[in-house]
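Lettering of chains follows the sequences in order, A, B, ..., and the numbering in each one begins at 1. Basis for what follows: all heavy atoms, side chains included, without hydrogens, waters or symmetry-related copies.
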Amino acid sequence: MLSLFSSVETYLCKALERSLPDLGLIPGNSCLSIDPQLVSASKPEFGDFQANCALSLAKKMKRSPRDIANAIVEQLEEDDDFLEICEIPKIAGPGFINLTIRNECLIKELKDRLGDDRLGVPHNVVNKGKDQASSVVVDFSSPNIAKEMHVGHLRSTIIGDCLSRVLEFLGHSVVRVNHVGDWGTQFGMLITHLNEVSPQALHKADSVDLGDLVAFYREAKKRFDDDEHFRTKSRHEVVKLQGGDLLALKAWQLLCDQSRREFQKIYDRLNISIHERGESFYNPYLKSVVDELTTKHLVVTDQGAKCVFLQEKSQDSRKAPPVIVQKKDGGFNYATTDLAALRYRFKQTPEGDGATRVIYVTDAGQANHFDGVFQVAQRANWIPEQGRVQHVPFGLVLGDDGKKLKTRSGETVRLCDLLDEAVDRAKIDLCRRLNEEGREEDQAFINKVSTTVGLASVKYADLSQNRITNYQFSFDRMLSLQGNTAPYLLYACVRISGIARKGGDLETTGDNLSFCERYEWDLVRQILKFDEIIIQVEEELLPNRLCNYLFELSQVFNRFYDQVPVLKAEQPFRNSRLVLCRLTAETLRLGLGLLGIPTLDRM
RNA sequence: GCGCCUGUAGCUCAGCGGAUUAGAGCAUCUGACUACGGAUCAGAGGGUCGGGAGUUCGAAUCUCUCCAGGCGCGCCA
């Protein structure tokens with residue numbers, strides 16, 4: 001409906017100019033244009049769109065809102081181009097102008113969707129030309145080397161992947177960056193521990209399997225805490241590593257490789273592609289970051305540390321906390337790294353990524369940190385004029401008790417365990433159902449369905465929630481077959497495949513489309529809304545908007561399916577309904593695909 | 001103490017300037033399988049949108065204030 005929307009908006013603007021020639025006299029308005037305040041209708045019974053401008057113009061023009069609305073509608077009624085797409089407008093309530101798209105026009109739109117693999121969603125590069133194609137950096141997932149991926153990485157990984165998919169689909173060139181924690185003082189103790197536990201690892205060509213890296217990390221940490229001798233050696237090892245000592249670097253590399261393999265297993269399982277560019281990548285740039293900030297007179301030395309003091313918005317007399325860019329021992333910290341990364345991402349290629357938009361998908365707790373980093377980068381002029389930098393925060397993952405999710409023994413939940421459990425539960429559920437229905441399916445089917453349903457449920461449950469709030473994790477709820485869940489949406493897809501199996505030709509042409517039932521028109525309208533939802537997600541970076549749309553689409557489809565026969569209908573209704581089935585299936589497949597969820601034909 | 005975020009139906013949450021009844025889902029209750037998978041559909045009950053003030057023709061939505069909860073707070077990331 002995007003193109004219809006903008007057509008209607010254009011006609012409205014023209015009607016406004018013609019009906020209210022003295023618009024320009026309103027203080028604060030240029031005479032050329034005024035916003036007709038066109039939005040989607042707030043309720044289906046009001047039509048497709050509504051224009052709200054009459055109400056806000058009323059006071060300024062000292063006329064009644066209904067009077068103004070009348071004047072606008074009079075002009076619209078004389079515009080033949082407008083009447084081609086819209087029914088005669090209705091004025092409702094205090095002065096809303098309700099607009100309903102003509103049926104023929106909806107049918108034409110629907111036809112245009114057939115054979116269009118973008119389902120009406122505009123492509124950025126095609127639309128704006130190659131020069132406008134923008135490069136977007138999405139920074140997400142970012143686990144720490146030598147630690148395991150756990151629930152804490154779940155949301156960033158899933159949300160980041162989804163946003164990347166949406167931006168890619170819209171034609172942006174997306175750089176998916178895994179900003180892994182692969183540098184820092186913890187490597188001192190890890191390398192020291194490795195040297196003692198498995199010294200042969202450093203001298204063999206092939207890397208050695210270190211087994212459970214988490215256990216390894218824990219052992220090293222324990223020794224670091226307990227043993228002063230070990231502590232001294234560790235600190236020495238950090239210095240060696242930072243100084244470029246070959247053996248230390250080799251140990252570091254070994255640890256990184258080991259972790260990388262473990263991370264990759266999770267990404268493969270979730271079908272997520274991401275490119276590692278860890279903190280260490282920015283080491284060569286750290287010094288120049290501080291130098292440049294110093295040259296630009298942003299740096300103040302305070303208690304031995306080099307700081308950039310933030311400019312405050314509030315009048316509070318207290319000093320805002322500084323962003324520390326160099327510690328008093330001369331070392332750099334994470335703020336320095338983030339600044340180096342930000343500068344690099346906006347710099348033109350080949351010195352940088354040439355990004356026009358940089359997106360950070362991290363938990364809401366880092367909001368202050370990013371505020372500070374962004375402000376410093378802004379003041380240092382590292383963000384180009386057209387550049388956008390956004391922190392995309394999300395809340396914590398909570399357990400049933402409303403507290404941070406932990407295992408029963410109080411430990412952090414490992415991501416692979418969590419995924420295993422989702423798939424196991426999906427399998428148990430499926431087998432119980434097969435048993436109840438007396439169905440027989442082979443093992444391959446059972447495995448495929450339970451894997452797809454299990455992982456889809458985890459992803460969908462996360463994405464369907466507004467990411468800003470904390471998120472209460474519940475296997476029972478996410479795997480439930482009813483409600484706003486992945487299985488419900490997947491079931492809608494399965495039903496359509498069922499129609500195809502029973503002889504419905506989903507490749508049927510869109511000639512002679514004809515609809516007669518309310519449920520058909522509801523479905524037509526819902527299908528046509530897809531394009532504006534995707535544009536909304538691009539702008540707001542809220543995947544739950546897409547989930548909500550897909551859930552509503554499934555609901556509307558299920559109502560249709562329940563009330564309107566497809567295969568037994570007479571022509572031309574049979575074909576028309578098959579077209580609706582086909583477009584529903586394609587929209588669900590594409591939409592779920594953008595969430596990172598594959599669909600099924602049977603389940 | 002300061003900063004950020006969140007308080008909407010019994011529960012989990014949408015909505016974040018607009019239209020008599022503030023929406024879903026779960027749970028509860030009542031109906032519907034001789035149509036394509038009932039893993040569905042139709043319906044009912046359930047809310048002074050944390051409290052108070054303000055802006056507006058109009059506020060769950062914007063502003064201020066108070067209350068409650070979460071998270072963070074100079075050399076960890």
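The aromatic rings of A/Y360 and A/F374 sit tilted, their planes meeting at an angle between 30° and 60°. Between A/F515 and A/W521, the ring planes lie perpendicular to each other; the angle is over 60°, past the 30° to 60° tilted range. A/F473 and A/F475 have perpendicular rings, their planes meeting at more than 60° on a 0 to 90° scale where under 30° would count as parallel.
Closest approach to the A/Q465 side chain among B/G74, B/C13, B/C36 is made by B/C13 (side chain taken as heavy atoms from C-beta onward). Candidate nucleotides B/G70, B/A77, B/C36 were compared by shortest atom distance to the side chain of A/N144, and B/A77 ranks first. The side chain of A/N544 sits closest to B/G15 out of B/G15, B/U40, B/C75. Considering only side-chain atoms of A/K502, the nucleotide from B/A39, B/G37, B/A14 that sits closest is B/G37. Side-chain proximity of A/N558 to the nucleotides B/C75, B/A39, B/C41 is greatest for B/C41.
B/G51 and B/C67 are spaced 7 Å apart, taking the C1' atom of each and rounding to whole Å. As rounded to the nearest Å, B/A59 and B/C41 have C1' atoms that lie 36 Å from one another. B/G47 and B/G15 have their C1' atoms separated by 15 Å, with the value rounded to a whole Å. Nucleotides B/U12 and B/G46, compared at atom C1', are 16 Å apart to the nearest Å.
A/E436 CD: more than 12 foreign heavy atoms inside a 6.0 Å radius. By the 6.0 Å contact criterion, CD on A/E570 is open, its count of non-hydrogen atoms from other residues, nucleotides or ligands being 12 or less.
In this structure, CD1 of A/I499 is placed 5 Å from C1' of B/C36, rounded to the nearest angstrom. Distance, A/D363 CG to B/G70 P: 17 Å, rounded to whole Å. Taking atom CG of residue A/L398 and atom P of nucleotide B/G69, one finds them 16 Å apart after rounding to whole Å. Atoms OH (A/Y460) and C1' (B/A14) sit 11 Å apart, rounded to a whole Å. In this structure, CZ of A/F473 is placed 13 Å from P of B/C13, rounded to the nearest angstrom. Between the CG atom of A/N548 and the P atom of B/U12 there is a distance of 19 Å, given to the nearest Å. When the P atom of B/G72 is taken as reference, atom NE2 of A/H369 falls 14 Å away, rounded to whole Å. Rounding to whole angstrom units, CG of residue A/L434 and C1' of B/G37 are separated by 13 Å.
No donor-acceptor pair under 3.5 Å is formed between the side chain of A/T301 and the backbone N or O of A/G304.
In this model, no side-chain donor or acceptor of A/Y491 finds a partner on the base of B/A39 within 3.5 Å.
Residue contacts shown for A/G365 are limited to sugar-phosphate atoms, with no base heavy atom under 4.0 Å away. Nucleic acid contact class of A/V323 (heavy atoms, under 4.0 Å, all strands): none. If you check every strand for non-hydrogen atoms under 4.0 Å, A/V564 touches a base. Among the protein residues, A/P565 comes within range of the nucleic acid bases, having at least one heavy atom under 4.0 Å from a base atom. Among the protein residues, A/D338 comes within range of no part of the nucleic acid, since none of its heavy atoms lies under 4.0 Å from any strand.
In B/C11 the base sits anti relative to the sugar, since the glycosidic angle is further than 90° from 0. In B/G74 the O4'-C1'-N dihedral to the base is within 90° of 0, which defines a syn nucleotide.
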Practice item. At under 4.0 Å between heavy atoms, which parts of nucleotides 16-30 of chain B does protein reach? Answer with one letter per nucleotide, 5' to 3': B base, S sugar-phosphate only, - none. Key: S-BB----SSS----
Just the table, please: protein N/O against nucleotides 4-9 of chain B N/O, every pair under 3.5 Å.
none

What are the atom names and distances for every N/O pair under 3.5 Å that joins the protein to nucleotides 58-63 of chain B?
none

Exercise for review: Might you work through the ring-ring contact (aromatic ring centres under 6.0 Å, His included) test for A/Y282 and A/H179, ending with a clear yes or no?
Suggested key: CA-CA 10 Å; A/Y282 303 98; A/H179 191 79; 5.7 Å; yes
Practice item. Begin from the C-alpha positions of A/D429 and A/R425 and carry the test salt bridge (Lys or Arg N to Asp or Glu O under 4.0 Å) through to its verdict. Key: CA-CA 6 Å; A/D429 219 56; A/R425 284 177 180 242; over 6 Å; no
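Sorted pairs that involve residues 478-507 of chain A and meet salt bridge (Lys or Arg N to Asp or Glu O under 4.0 Å), not counting sequence neighbours, are lacking altogether.
Annotation: side-chain hydrogen bond (donor to acceptor under 3.5 Å, both in side chains) contacts of A/T336 (sequence neighbours excluded): A/N333.
A/D363 has its side chain within reach of A/Q366: a pair of non-hydrogen atoms, C-beta onward, lies under 4.5 Å apart.
Because its NZ or CZ atom is both nearer than 6.0 Å to the ring centre of A/F281 and within 45° of the ring axis, A/R277 counts as a cation-pi partner of that residue.
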Check your understanding: Pairs counted as Watson-Crick or G-U wobble with both distances under 3.5 Å: what dot-bracket string results for RNA chain B, using | for bases tied to another strand?
Key -> (((((((..((((.........)))).(((((.......))))).....(((((.......))))))))))))....
